[in-house]
A.B. asks: 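Got a structure for you, questions after.
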Amino acid sequence: MFSILKKEEVNTSRLYNLDLLKALAIVAMILCHSVLMLGVHHEGYENEFLYWFGDVFLGDYVAVAHAFMFAMGVGFIFTKANAPTDHMKRGVKFFLLGYALNFFRYGVYALIDGVISGEFDSHTLEALFGPDILQFAGLAMILTGILKKFGLNEIHILYISVVMSV
């Protein structure tokens with residue numbers, strides 16, 4: 001029925017095209033986030049070329065977050081560390097790394113602004129705790145590890161993922 005889910009030996013060597021896809025996605029996400037975070041301080045930013053290029057082209061049309069998640073998902077298949085605990089440990093690291101990135105990317109500046117101005121607004125909480133692609137990737141890894149730990153096979157995980165996507 002599902003011939004794509006056959007149990008066959010998987011080549012676990014490096015896939016350099018996926019590495020390149022992830023690297024380009026990360027560079028594009030850095031540009032996209034920089035344009036979004038810096039652009040709001042300039043009135044009329046949404047009508048300028050850099051906003052269109054950074055957000056619309058890199059963020060939406062190239063779909064860098066989607067490409068990053070696709071490469072990560074394919075990496076699940078080709079990894080040598082494929083035990084459920086390996087996925088959960090990597091997931092926790094990615095999840096925490098996402099919040100560390102939030103702190104150094106936006107949070108520290110929002111905190112400094114709040115200390116200087118004496119006002120802490122909702123932007124500070126968003127800067128520190130706003131979810132982004134690394135938190136989502138971490139949760140996906142943790143969930144994959146949990147589902148594998150329960151002994152679910154690929155077809156069950158596929159069904160669960162479709163239901164969760166809906």
Side-chain angles (χ1 to χ4, degrees), residues 17-76 79 81 83-150 157-166:
N17 290 340
L18 282 179
D19 292 340
L20 179 63
L21 178 64
K22 286 186 278 188
L24 292 174
I26 289 169
V27 169
M29 283 189 278
I30 290 169
L31 292 171
C32 181
H33 281 90
S34 299
V35 166
L36 287 175
M37 292 308 292
L38 296 173
V40 296
H41 301 290
H42 176 66
E43 192 172 319
Y45 71 96
E46 60 276 331
N47 297 323
E48 293 188 8
F49 174 76
L50 282 179
Y51 174 77
W52 177 84
F53 181 75
D55 183 46
V56 177
F57 181 72
L58 291 178
D60 295 335
Y61 293 113
V62 176
V64 293
H66 301 87
F68 182 78
M69 292 302 289
F70 171 79
M72 185 190 76
V74 172
F76 280 3
T79 185
T85 54
D86 294 329
H87 286 299
M88 289 187 275
K89 286 177 186 176
R90 283 182 66 199
V92 169
K93 288 177 188 175
F94 267 65
F95 189 74
L96 295 176
L97 182 64
Y99 285 111
L101 182 63
N102 278 3
F103 177 77
F104 290 109
R105 175 176 56 185
Y106 311 131
V108 68
Y109 305 111
L111 287 172
I112 291 170
D113 181 50
V115 168
I116 291 171
S117 68
E119 296 178 19
F120 291 94
D121 57 4
S122 62
H123 176 66
T124 304
L125 291 176
E126 175 66 26
L128 291 170
F129 301 112
D132 208 338
I133 190 71
L134 284 179
Q135 288 93 335
F136 180 74
L139 290 175
M141 287 181 187
I142 292 168
L143 180 64
T144 300
I146 291 171
L147 294 176
K148 286 181 131 195
K149 189 82 166 170
F150 285 145
I157 294 173
L158 177 65
Y159 290 148
I160 290 169
S161 68
V162 169
V163 169
M164 291 179 77
S165 294
V166 170

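As the structure is a prediction and not an experimental result, all values here were calculated from the model. Along the sequence shown, residues are numbered consecutively beginning with 1.
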A.B. asks: Take Phe95 and Tyr99 through the ring pair (Phe, Tyr, Trp, His ring centres under 6.0 Å) test and state the conclusion after the steps.
C.D. replies: CA-CA 7 Å; Phe95 189 74; Tyr99 285 111; 5.2 Å; yes

A.B. asks: With sequence neighbours excluded, what pairs up with Phe104 under the side-chain contact (heavy atoms from CB on, under 4.5 Å) test?
C.D. replies: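 Scan of Phe104 (side-chain contact (heavy atoms from CB on, under 4.5 Å), adjacent residues dropped) gives none.
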
A.B. asks: Take Val115 and Phe120 through the test side chain to side chain contact (heavy atoms under 4.5 Å, CB included) and record every step on the way to the result.
C.D. replies: CA-CA 8 Å; Val115 168; Phe120 291 94; 4.0 Å; yes

A.B. asks: Can you tell me how far the CG atom of Leu96 sits from the CG atom of Leu101, to the nearest 0.5 Å?
C.D. replies: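 Atom-to-atom, Leu96:CG and Leu101:CG are 12.5 Å apart.
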
A.B. asks: Between Ala71 and Leu21, which heavy-atom pair has the shortest distance, and what is it?
C.D. replies: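 Distance-wise, the nearest heavy atoms are CB-CD2, 4.0 Å.
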
A.B. asks: Who passes salt bridge (charged side-chain N to carboxylate O under 4.0 Å, His left out) against Lys148, sequence neighbours left out?
C.D. replies: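 Here no residue qualifies.
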
A.B. asks: Please tabulate, for side-chain N and O atoms in residues 126-142, each donor-acceptor pair with protein atoms closer than 3.5 Å (sequence neighbours left out).
C.D. replies:
unit_1 : atom_1 : unit_2 : atom_2 : d
Asp132 : OD2    : His33  : NE2    : 3.0
Asp132 : OD2    : Arg105 : NH1    : 3.2
Asp132 : OD2    : Arg105 : NH2    : 3.0
Gln135 : OE1    : Asp132 : N      : 3.0
Gln135 : NE2    : Gly98  : O      : 3.4

A.B. asks: Taking the side chain as everything from C-beta on, heavy atoms only, tell me whether Ile112 gets closer than 4.5 Å to Ile116.
C.D. replies: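 They are in side-chain contact.
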
A.B. asks: To the closest 0.5 Å, what do you measure between CG (Asp113) and CD (Glu119)?
C.D. replies: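 Here the rounded value is 9.0 Å.
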
A.B. asks: Could you list the residues that satisfy salt bridge (charged side-chain N to carboxylate O under 4.0 Å, His left out) with Asp19, not counting sequence neighbours?
C.D. replies: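 Salt bridge (charged side-chain N to carboxylate O under 4.0 Å, His left out) list for Asp19, sorted by chain: Arg14, Lys22.
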
A.B. asks: For residues 83-93, which side-chain N or O atoms pair as donor and acceptor with protein atoms under 3.5 Å away, sequence neighbours left out?
C.D. replies:
unit_1 : atom_1 : unit_2 : atom_2 : d
Asp86  : OD2    : Ala83  : N      : 3.4
His87  : NE2    : Asn82  : OD1    : 2.9

A.B. asks: Sequence neighbours left out, what pairs pass salt bridge (charged side-chain N to carboxylate O under 4.0 Å, His left out) with at least one residue falling in residues 136-146?
C.D. replies: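 The answer is none; no pair qualifies.
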
